[in-house]
Protein chains: 2
Amino acid sequence: MDDDRVFRALADPTRRHLLDRLHERDGRTLTELESELEMTRFGVMKHLKVLEGAGLVVTRRSGREKLHFLNPVPIRLIHDRWIDKYTERRVSALADLKTTLEDAG
Amino acid sequence: MDDDRVFRALADPTRRHLLDRLHERDGRTLTELESELEMTRFGVMKHLKVLEGAGLVVTRRSGREKLHFLNPVPIRLIHDRWIDKYTERRVSALADLKTTLEDAG
DNA sequence: TTGACATGTGACTGTTTAGTCACCTATTAT
DNA sequence: ATAATAGGTGACTAAACAGTCACATGTCAA
């Protein structure tokens, strides 16, 4: 798995949106994902290809359809690069606090 | 904290290297960080500004020096976006396994 | 106060990247 | 068979970005 590909893949808002959709529910086809976006099929296809190349999305063919699944492992590896086990608890608590405060207002 | 700024900031290898250095040891100055890189001071300064704008680096002035510190909270928020508490344990184990296998050769 | 040091700004250039289009292949249903 | 469906390729354009440079401000030591 290539570091650089993962980070570059995550740098685009459309690709992050695709990951959000797959996180919500796995196994979607290109056509289904395309229908939610203000973009041509070719644009979405390119983005999915980038995500797949980065290992953030894995696919399975089923007839003429291609099903897409989220692979969260590269995300965890990013986390582990800058947050070691000793500080994880503290940082996690801070992040939870931040989310709670933002959700509240 | 702006999502997009964080992801774009992480998309560049030089900026990730700077985060690595700060993860190793906090409180470095621009000049110190510059000396390790094959790049002019201006390039490094621009990168640090991007990291600061994303909230990944926080700074403190001390006389004519500017000290840089790593803030890992945005990284944790990325993690939490696609890895919920229920799957965290499993994904974490997979990531550890991957690291172990790669370190072994 | 003079010179060295540490950081900062705005403009410029070459490269990369997002998004589209014309055109193509493979699979399914009738 | 044939028409509709699902996915795929290579070339193109406009916008974004990395990196550099001339020039400038504020701080420290002798």
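Worth knowing before you read on, the calculation uses all heavy atoms, side chains too, and leaves out hydrogens, waters and symmetry mates. The chains referred to below are lettered A, B, ... by the order of the sequence lines, with proteins before strands, and numbering in each begins at 1.
Rounded to an integer number of Å, the gap from CZ of A/R28 to P of D/dG7 is 14 Å. Following rounding to the nearest Å, A/L48 (CG) and D/dT9 (P) show an atom-to-atom distance of 13 Å. Atom CD of B/E38 is separated from atom P of D/dT20 by 10 Å (rounded to the nearest Å). Counting to the nearest Å, the P atom of D/dT9 and the CD atom of A/E52 are 11 Å from each other. Rounded to whole Å, the distance from CD on A/E34 to P on D/dT5 is 13 Å.
Scored by the side-chain hydrogen bond (donor to acceptor under 3.5 Å, both in side chains) test, A/E24 finds A/R21 as partners (sequence neighbours excluded). Among residues two or more places apart in sequence or in another chain, the side-chain hydrogen bond (donor to acceptor under 3.5 Å, both in side chains) test is passed with B/E34 by none. Scanning for side-chain hydrogen bond (donor to acceptor under 3.5 Å, both in side chains) contacts around A/R25 gives A/E32, with sequence neighbours left out. Considering only residues two or more places apart in sequence or on other chains, A/H17 meets the side-chain hydrogen bond (donor to acceptor under 3.5 Å, both in side chains) condition with none of them. With sequence neighbours excluded, the residues forming a side chain to side chain contact (heavy atoms under 4.5 Å, CB included) with B/T59 are B/E52, B/V57, B/K66, B/H68, listed by chain and number. Contacts of A/D96 classified as side chain to side chain contact (heavy atoms under 4.5 Å, CB included), with partners at least two apart in sequence or in another chain: A/S92, B/D80, B/K85.
The hydrophobic cluster containing A/L101 also includes A/L97, under a criterion of side-chain heavy atoms closer than 4.5 Å among ILVMFWY residues, counted directly or through chains of members. Cluster partners of A/V58, using a side-chain heavy-atom cutoff of under 4.5 Å among ILVMFWY residues and allowing indirect links, are A/L67, A/F69.
Using a 4.0 Å heavy-atom criterion, one finds that A/G63 contacts the sugar-phosphate atoms exclusively.
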- Message: At under 4.0 Å between heavy atoms, how does the protein contact nucleotides 1-13 of chain C? Give one character per nucleotide, 5' to 3', with B, S or -.
- Response: ---BBSBBB----
Show me the donor-acceptor pairs within less than 3.5 Å that the side chains of residues 41-50 of chain A make with the rest of the protein, sequence neighbours left out.
residue : atom : partner : partner atom : Å
A/H47   : ND1  : A/R15   : NH1          : 3.1

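Between the axis at the start and the axis at the end of the helix from C/dT1-D/dA30 to C/dT30-D/dA1 there is an angle of 30°, using five pairs per end and rounding to 10 degrees.
Under a 3.5 Å cut-off, the side chain of A/R61 and the backbone N or O of A/G63 do form a donor-acceptor pair.
The side chain of B/H47 contributes no N or O atom lying less than 4.0 Å from OP1 or OP2 of D/dC17.
At a threshold of 4.0 Å, the pair B/R16-A/D3 does not count as salt-bridged, since none of the basic side-chain nitrogens sits closer than that to a carboxylate oxygen.
DNA chain D lies under 4.0 Å from no heavy atom of any residue of residues 8-27 of chain A.
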